[in-house]
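Predicted, not measured: the structure shown is a model, and the values here were computed from it. Numbers restart at 1 for each chain; the letters A, B, ... are given by sequence-line order, proteins then strands.
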Protein chains: 2
Amino acid sequence: MTQAVRHDAMRARNLALVLGEVSARGSVTRAALAEITGLAKTTVSKLVGDLIEAGLVVETGVVRAGERGRPGMEVRVSGERIAAIGLEINVDYLAAHVVDLARSVRLRRTQPVDNRMAQPGDVIANLQDLALSAVDEAVDIGLRVVGGVLAVPGTVDLATGTVRRAPNLGWRDVTPLPLPRLPFPVRVDNEANLAALGELWFGAGHRDFLHVSGEIGVGAGLIVGGEPFRGFHGFAGELGHVVVSPGGPPCRCGGQGCLERYAGQDALLAAAAGIEAGAGIAGLLARLDAGDQDALAACERAGWALGVALSSAVNLVDPGTIVLGGIYAPLFPWIGGVVTETLAARLGEMREVVPSVEVSRLGAEAATLGAAGQVIQRIIADPAGLLNA
Amino acid sequence: MTQAVRHDAMRARNLALVLGEVSARGSVTRAALAEITGLAKTTVSKLVGDLIEAGLVVETGVVRAGERGRPGMEVRVSGERIAAIGLEINVDYLAAHVVDLARSVRLRRTQPVDNRMAQPGDVIANLQDLALSAVDEAVDIGLRVVGGVLAVPGTVDLATGTVRRAPNLGWRDVTPLPLPRLPFPVRVDNEANLAALGELWFGAGHRDFLHVSGEIGVGAGLIVGGEPFRGFHGFAGELGHVVVSPGGPPCRCGGQGCLERYAGQDALLAAAAGIEAGAGIAGLLARLDAGDQDALAACERAGWALGVALSSAVNLVDPGTIVLGGIYAPLFPWIGGVVTETLAARLGEMREVVPSVEVSRLGAEAATLGAAGQVIQRIIADPAGLLNA
DNA sequence: ATATTTAGTCCATAACTTAGACTAATTCGG
DNA sequence: CCGAATTAGTCTAAGTTATGGACTAAATAT
């Protein structure tokens, strides 16, 4: 339900509007902001003043030389004070990234650990250690970390912060929150959704796309108009269990012929036979570089299956673009073509434009960046809270 | 981009908030509205006063007897003045429904015509005649029709109002607007989306569901949190071309094994062999009632395919409920079971709750009701415009 | 009949935005 | 080098809307 709007809410919205424009444009003068937002110069000045006082925005001091008349004083979002942390628990590593309010990545910490067999409690304790040391370092460079989000490869109940199922971690109904040693609130979210948000804020600049996270499972995050689409329970984007062939190999989801059985990491490696489990994607890449026929055929098959599943996704969800991330990023040279062709064959007659298939530039960092970015985004979208704190 | 909020926008939002609550609750007192919205009593009184003056709301005159104290004067949305018209062009009929601001259906006009072979211009002229006579009748009962929406079975470019492809009408890039003889603006929209909206406002009261429109093609409309999801170009919900079996029968979309080839009206009738084209669904229903084996088998197969396609849809889009409409409504007794079972088999291991599969109560009226409802909804969501007019 | 309770209105006040006057700092033209 | 023109930003009085509390209205309870 929408809320009543009083004077304070009006102010909060205009504050968010101004800060949002500053954030989107890098640096702007007050006069330009007045033009853009439609607010009166007076109002913009007052709002910018408050943002400066709160430390969210700084005058660049740089006086832009225009054509004629008094030059404007540009302001930009301050990256010097406020920051957020993105955390990730994945099958074989933990990660923490600190991002400042200006969306610069300030710290990257990754710790390889095998979390397959570990107890959730131990994993969470390790993560907390990693997060704490990252926060300490952030403090050393003058940053105040005001919030965090934790990315987990599984379905998450956003309301309670409970990880419903994370099959590759062996988790079921685990609630990692709160992380009591961290002096700020942390939320939990699904890795595929966060990776899509990472692509939105730190990637190629699309605002409408489907981001495919190839890992051991295959997930997808949909961004429409710069907003994530999550579905009713928040479990949308389970691309890995979309039907490729209804009589295909059985899947742990209970179905048969799901995409994951053709294009998930395990299926892919198994199809390319002869890659020892430990070597993982690196082993596959080596053999692809060497021109190994089995490896090429495995990618061909995975790419075809991905194309089939994505054709269903395009029909249902109509994304602007498709971005392949996770393991599909390094494999893109070998699967991108088949995916595009399969998609074109299945959609070309119905649609004027078939979404283009692109490769993610972020790789494994997408989820943590999206996680930190989400905290930043919330501040940009509603700075009123921080103003009084 | 969000807009600047000034005093008038603040007012407009609060006005919408109040009218929205009145609409949602049927009738309420000013005091209750103040409680619900969080606005001060004074403010609510002023806003309600303006709504009454504009004729959007009326005092019921009924004084509700409470426990103690002065009884409140209840207000409700007025159905006496303002109305909207929903129009539909379909393969074998034209339809027009007039709905008042209180969401009561005031007029139903349907005209059977075979539009398969007709020129778009002729069809549109016929529709305009139908609409005009409906509007005249509406005027006779004291209603002012302030807007309309036209439902078309095809993909629609909402920005331009152009029907991109409506294969079953044989339309391609037809722009039916404006309808110059109608004294109010009309927009065009996709039939499946509008049917879903019809289900939302006139159906069983769900706010999160996927509505499946079985016709000659198979479309779907997704409603999340009471809002339609349309995708990037507005072409989301093409359930008919979701993959059931990637090596299956070729489809006019260029793909193979699409749902439409298993569960579309033509495929269904063909599978039940021996139903002459003219008899349509009625013929099939007659044979099902008679226990005909071929007909039963055809429904079984269609239901299975629908279940397979819907399992992909649930994984991608995570709807709260699935509502089967169009031809699937009368066929529900014969396909509902298979759909549910197929869905459960393919999703049960992954999800705690599999969305329930229900039958639409609106049948063929869903799209026109949704079309008229959309105009009503816009007024409720932003009454400020009408207030000054 | 009187006290109590709840609904709705009235009025002075507060919060925010605005328009327009004003000051500041630059370029252009001679 | 100086004044006119131009643009940026601030200041002030005024306008719009919501609010809180006082007030009136209309019912029930005792």
Side-chain angles (χ1 to χ4, degrees), chain A residues 2-18 21-22 27-53 57-76 383-384 387-388, chain B residues 2-18 21-22 27-53 57-76 383-384 387-388:
Chain A
T2 39
Q3 276 299 308
V5 180
R6 294 131 215 223
H7 291 107
D8 56 338
M10 172 163 76
R11 186 128 214 287
R13 280 220 50 56
N14 287 336
L15 212 47
L17 181 66
V18 168
E21 288 301 334
V22 173
S27 54
V28 233
T29 63
R30 292 167 176 80
L33 283 169
E35 181 94 15
I36 294 162
T37 60
L39 292 165
K41 283 193 299 176
T42 315
T43 312
V44 171
S45 277
K46 219 180 292 176
L47 293 171
V48 169
D50 287 0
L51 290 170
I52 288 175
E53 200 181 349
V57 147
V58 285
E59 293 188 325
T60 54
V62 178
V63 177
R64 186 203 51 161
E67 1 263 64
R68 201 140 102 147
R70 171 176 168 180
M73 174 72 86
E74 291 195 319
V75 294
R76 61 166 173 77
L387 228 87
N388 309 328
Chain B
T2 39
Q3 278 298 308
V5 180
R6 294 135 218 226
H7 292 105
D8 55 337
M10 171 162 76
R11 187 130 214 289
R13 284 222 39 61
N14 287 336
L15 212 46
L17 181 66
V18 167
E21 288 300 334
V22 173
S27 54
V28 233
T29 63
R30 293 168 175 79
L33 282 169
E35 181 93 16
I36 293 162
T37 60
L39 291 165
K41 283 192 299 177
T42 313
T43 311
V44 170
S45 278
K46 218 179 295 177
L47 294 171
V48 169
D50 287 359
L51 290 170
I52 289 174
E53 199 181 349
V57 147
V58 284
E59 293 188 325
T60 53
V62 177
V63 178
R64 185 204 52 162
E67 0 263 63
R68 203 142 101 147
R70 171 178 169 179
M73 175 71 87
E74 292 196 316
V75 295
R76 61 167 172 77
L387 227 90
N388 310 328

Non-neighbouring partners of B:Arg6 that pass salt bridge (Lys or Arg N to Asp or Glu O under 4.0 Å), sequence neighbours left out = none
Would you state whether a donor and an acceptor, one from the side chain of B:His7 and one from the base of D:dT16, lie under 3.5 Å apart?
-> yes
Value in whole Å for how far the C1' atom of C:dG8 lies from CD1 of B:Ile52 | 12 Å
Identify all pairs in which a protein N or O lies below 3.5 Å from an N or O of nucleotides 19-23 of chain C, and state each distance.
residue, atom, partner, partner atom, Å
C:dA19, N6, A:Thr42, OG1, 2.9
C:dG20, O6, A:Thr42, OG1, 3.2

The side chain to side chain donor-acceptor pair (under 3.5 Å) partners of B:Arg13 (sequence neighbours excluded) come to none
Can you check whether A:Arg6 has a side-chain N or O nearer than 4.0 Å to OP1 or OP2 of D:dT19?
-> yes
Which one of B:Val28, B:Val22, B:Leu17 satisfies the side-chain contact (heavy atoms from CB on, under 4.5 Å) criterion with B:Ile36?
-> B:Val28
Mind checking what makes side chain to side chain contact (heavy atoms under 4.5 Å, CB included) contact with A:Ser27, not counting sequence neighbours?
-> A:Thr60, A:Glu74, A:Arg76
Contacts of A:Thr42 that satisfy side chain to side chain contact (heavy atoms under 4.5 Å, CB included) - sequence neighbours left out | none
Calculate the interatomic distance between B:Arg30 atom CZ and D:dA25 atom P; express it in whole Å.
-> 16 Å
Within this structure, what is the CE-to-C1' distance between A:Met73 and D:dG9, rounded to whole angstrom?
-> 10 Å
Measure from CG on B:Leu39 to P on D:dA18 and round the result to the nearest Å.
-> 7 Å
Of all of residues 8-15 of chain B, which get a heavy atom below 4.0 angstrom from DNA chain D, listed by number?
-> B:Met10, B:Arg11, B:Asn14
Think A:Ser45 has a side-chain N or O under 4.0 angstrom from the OP1 or OP2 of D:dT10?
-> yes
Measure from CZ on B:Arg68 to P on C:dT4 and round the result to the nearest Å.
-> 9 Å
For B:Ser45, all residues meeting side chain to side chain contact (heavy atoms under 4.5 Å, CB included), sequence neighbours excluded | B:Arg30
Beyond-backbone contact of A:Thr37 with A:Glu21, side-chain heavy atoms, under 4.5 angstrom | yes
Can you list every pair that meets salt bridge (charged side-chain N to carboxylate O under 4.0 Å, His left out) and has a residue in residues 31-45 of chain A, with sequence neighbours left out?
-> none
In whole angstrom, what separates B:Glu59's CD from C:dG8's P?
-> 8 Å
Between atom CG in B:Leu33 and atom P in C:dT6, what is the gap in whole Å?
-> 18 Å
From B:Leu33 CG over to B:Thr43 OG1, what is the distance, rounded to the nearest 0.5 angstrom?
-> 12.0 Å
